[in-house]
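Only one structure is covered here, and it is reproduced in the block below.
None of these values were measured; they are calculated from a predicted model. Both backbone and side-chain heavy atoms feed into the values below; hydrogens, waters and symmetry mates do not.
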Amino acid sequence: MTLLDKLKTDVLTADGAMGTLLYSYGIDFCYEELNTEKPEIIEKIHQDYIKAGADVIQTNTYGANTLKLARYGIENRVRELNEAAVNIAKKAAAPGGQFVLGTIGGIRGIRKSTATNDEILASVCEQAESLLAGDPDGLLLETYYDFEELSASVKLLRQMSDVPIIAQVSMHEPGVLQNGLSLNDALQQLEGIGADVVGVNCRLGPYHTIQAFEDVTLPNKSFLSAYPNASLLDVEDGRIVYESEADYFGRAAVLLRNEGVRLIGGCCGTTPKHIEAAKKRLAGLPPLMEKKVKTKKPIVIQEAAPATDVSICEKAKTERTVIVELDTPKTLMTDKFIEGANALYATGVDAVTMADNSLASPRVSNMAMGATLKMKHDVRSLVHITCRDRNLIGLQSHLMGLDALGLHDVLAITGDPTKVGDFPGATSVYDVSSLELIQLIKQLNEGISFSGKPLKKKAKFSVAAAFNPNVRVLDRAVKRLEKKIECGADYFITQPVFTKEKIIEVHEATKHLPTPVFIGIMPLTNMRNAEFLHHEVPGIKLSDETLERMRACGEDKEASAKEGVKIAKELIDTAAGLFNGLYLITPFLRYDMSVELIHYIKELDAKKESGAMHDHISN
């Protein structure tokens, strides 16, 4: 009898956790390597689950793919480790005839990972071929937070084989995936593309897993599965633990059966005792054949209020747009900063933009200063957001706060590592990359939390992305811009550029892009400033001519500043003819230098308009 035939008439009990069980034994290296190095440990775990009553066991191959094994330098052992795992499981199952599933784990979590879709599918294909060579009773795809990845994997495996496919999603919130798709819709879609058993595993304990299934209808052809964690995780003395009594898990298994689930196992924190309790409670219970799901009122996501200002992005598509960076202070003295921001905005710039602890050095919060400028001085702010300083919780909270304050112009950047700043021993978070941050911000614009939960209202962020053109191979940098556009970037702001040739090169390389590019122009203050930027700041290089011109000014501060502004004006002459967007970076709160450059830009535009008018009259 096949697994699917058995599921037609019975509720089956699957095994529990492998990884957390090995973790509890103190094993701290690649678990999949145990398939060849210490197979007796893995076989013993299988046997313990079988003795507990498991009808179905899974191979120790959750991370046995090229991408995950590469962390340990053993990516060339995919076939060896997967084939060994199937052999171990089948050997343990042989006396009792338990079903053996070949396990394939998801690659992506909340972040997309650096692996491309093609790389992930190639990894799945290689692992599946190795598992199928051992003739398992089915393939189990588990812990998939990214629905796109799971769907693509199911489609691939369905083309490769007709063995039963069990496809399980993982949720951050009960009943909803991180992309906002409801669990019921997700499971129906997986059934539609060929999965034979559809369900959930990991992240949530029994209580929330049961809650999630309350809104799930019985599939037409496939069966439902659930492998909840033992509980929500806790940390004791630096070690992850799960608090859950086995009997509680057993009672929860019955409630899952009452929601129509036919394959019930355990994930993180579960042990043979949990599976034994579930088996005893489920004994003699037939599968649920009919289920009525209460219709719930859909959550209405309110539209964002209409914008009162033209977006920076839209304006830059058709006319001159100027934004000016003014770093918030490193001390608690904010008067000069506010004075400078007011002076800059009074010139008619489109926004004052503020870095997020640039060069990994603490400054007054740009959110606080942006709110102050908006509410007390009516100055439009564009705030930078780095991935360095906040985890996912902090990032979403920060963004929700910005939306509540009406600060909707943001620049998403990775951020300089902490080692370059005032606190080199501080931790760099980097839960996500700048590309993923852009996607998550745009998800908020749909009214969906990072976890997939409805936020009841849409945000309305306009998202800029960073562009460093000061690289040897510009084409590669532009390819990254194209990826950022795919992620939702509305426009780009460059690092400061210090040569006319580079400005022209950037124009030629980006003119095909549908998004505006703001060219960064930064006036130099003196020779030491120039040498620091050239030699020490990542992503910035000055020309020999520029360095020589600044060196010629010696220690004369006034002459140095004038020369710095003169060089910046020459760069503006070139940039203004090629780009609508100009981005002025104010050095050391010297806003007077930026004010002079803004007036110069206005004079250039006025001359251009006057010349165009003269040509029109002449014709």
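In this structure the side chain of Leu589 reaches within 4.5 angstrom of the side chain of Phe337, judged on heavy atoms. Between Tyr491 and Lys317 there is no side-chain heavy-atom pair separated by less than 4.5 Å. With contacts defined as side-chain heavy-atom distances shorter than 4.5 Å, the pair Ile567/Pro523 does not qualify. Using a 4.5 Å heavy-atom cutoff, the side chains of Arg380 and Ile312 are in contact. Counting only heavy atoms from C-beta outward, the side chains of Leu399 and Ile385 approach each other to under 4.5 Å. The side-chain heavy atoms of Pro496 and Ile540, taken from C-beta on, include a pair separated by under 4.5 Å. Inter-residue side-chain proximity for Leu584 and Ile601 is flagged as met; some heavy-atom pair is nearer than 4.5 Å.
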Does Glu148 form a side-chain contact (heavy atoms from CB on, under 4.5 Å) with Asn117? I'd like the steps, not just the answer. CA-CA 9 Å; Glu148 177 188 12; Asn117 289 337; 3.4 Å; yes

Start with the C-alpha distance between Leu405 and Lys374, add both sets of side-chain angles, then the distance that settles side-chain contact (heavy atoms from CB on, under 4.5 Å), and finish with yes or no. CA-CA 9 Å; Leu405 291 168; Lys374 174 183 173 63; 5.9 Å; no

Residue pair Ile503, Leu578: steps toward the side-chain contact (heavy atoms from CB on, under 4.5 Å) verdict: CA-CA 8 Å; Ile503 292 172; Leu578 299 174; 4.2 Å; yes

Tyr583 vs Val322, test: side-chain contact (heavy atoms from CB on, under 4.5 Å). Steps then yes/no. CA-CA 6 Å; Tyr583 168 49; Val322 181; over 6 Å; no

I would like to know whether Thr372 and His377 meet side-chain hydrogen bond (donor to acceptor under 3.5 Å, both in side chains); could you show each step before the answer? CA-CA 7 Å; Thr372 298; His377 304 277; over 6 Å; no

Run the numbers on Gln396 and Ser449 for side-chain hydrogen bond (donor to acceptor under 3.5 Å, both in side chains), then give the verdict. CA-CA 8 Å; Gln396 177 164 320; Ser449 161; 3.1 Å; yes

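A donor-acceptor pair under 3.5 Å is absent between the side-chain atoms of Thr427 and the main chain of Val429, judged by distance alone. No side-chain donor-acceptor contact under 3.5 Å links Asn580 to the backbone of Thr321. For the pair Ser560 (side chain) and Asn526 (backbone), a donor-acceptor distance under 3.5 Å is absent. Thr143 contributes no side-chain N or O that, together with a main-chain N or O of Gly106, makes up a donor-acceptor pair within less than 3.5 Å. For the pair Asn357 (side chain) and Ala360 (backbone), a donor-acceptor distance under 3.5 Å is absent. For the pair Ser543 (side chain) and Thr546 (backbone), a donor-acceptor distance under 3.5 Å is present. Lys502 places a side-chain N or O within 3.5 Å of a backbone atom of Pro469 that can act as its donor or acceptor partner. No donor-acceptor pair under 3.5 Å is formed between the side chain of Lys484 and the backbone N or O of Ser434. Judged purely by atom type and a 3.5 angstrom limit, Lys456 has no side-chain atom pairing as donor or acceptor with the backbone of Gln302. In this structure, Asp490 contributes its side chain and Cys313 its backbone to no donor-acceptor pair below 3.5 Å.
Side-chain rings of His172 and Tyr145 approach one another, their centers coming within less than 6.0 Å. For Phe579 and Phe518, the ring centers are positioned 6.0 Å apart or more.
Each of Gln439, His408, Lys442 was evaluated against Val463; a single residue qualifies, Lys442, per the side-chain contact (heavy atoms from CB on, under 4.5 Å) test. When each of Met369, Met367, Glu325, Arg363 is paired with Met354, the side-chain contact (heavy atoms from CB on, under 4.5 Å) condition holds for Met369 and for no other. When Asn366, Val352, Asp409 are each tested for a side-chain contact (heavy atoms from CB on, under 4.5 Å) with Leu382, only one passes: Asp409.
In terms of heavy-atom proximity, Gly105 sits nearest to Tyr144 at O-OH, 3.6 Å. For Leu407 against Ala371, the heavy-atom pair with the smallest separation is CD1-N, 3.7 Å. Contact record, Ile521 with Val497: CD1-O, 4.4 Å, taken as the closest heavy-atom pair. The heavy-atom pair separating Ala341 from Leu326 by the smallest distance is N-CD2, 3.5 Å. Of all non-hydrogen atoms in Ile448 and Leu455, the two that sit nearest each other are C-CD1, 3.8 Å. Considering all non-hydrogen atoms of both residues, Glu119 and Thr116 come closest at OE1-N, 2.8 Å.
How far CD of Glu545 is from CZ of Arg549: 5.5 Å, rounded to the nearest 0.5 Å. Asn391 CG to Ser397 OG: the interatomic distance, rounded to the nearest 0.5 Å, is 10.0 Å. Of the inter-residue distances, the one linking Gln127 atom CD with Leu69 atom CG reads 8.0 Å to the nearest 0.5 angstrom. Distance CD1/Ile323 to OG/Ser381: 12.0 Å, rounded to 0.5 Å. In this structure, the separation between NE2 on His384 and CG on Leu411 is 4.5 Å, given to the nearest 0.5 Å.
Between Ser361 and Asp422, the side chains place a donor N or O and an acceptor N or O closer than 3.5 Å (distance only, hydrogens not considered). Between the side chains of Tyr591 and Asn342, no donor-acceptor pair is found at a separation under 3.5 Å. For the residue pair Ser428/Thr418, the side-chain donor-acceptor check at 3.5 Å is satisfied. Between the side chains of Glu126 and Thr66, at least one donor N or O lies within less than 3.5 Å of an accepting N or O.
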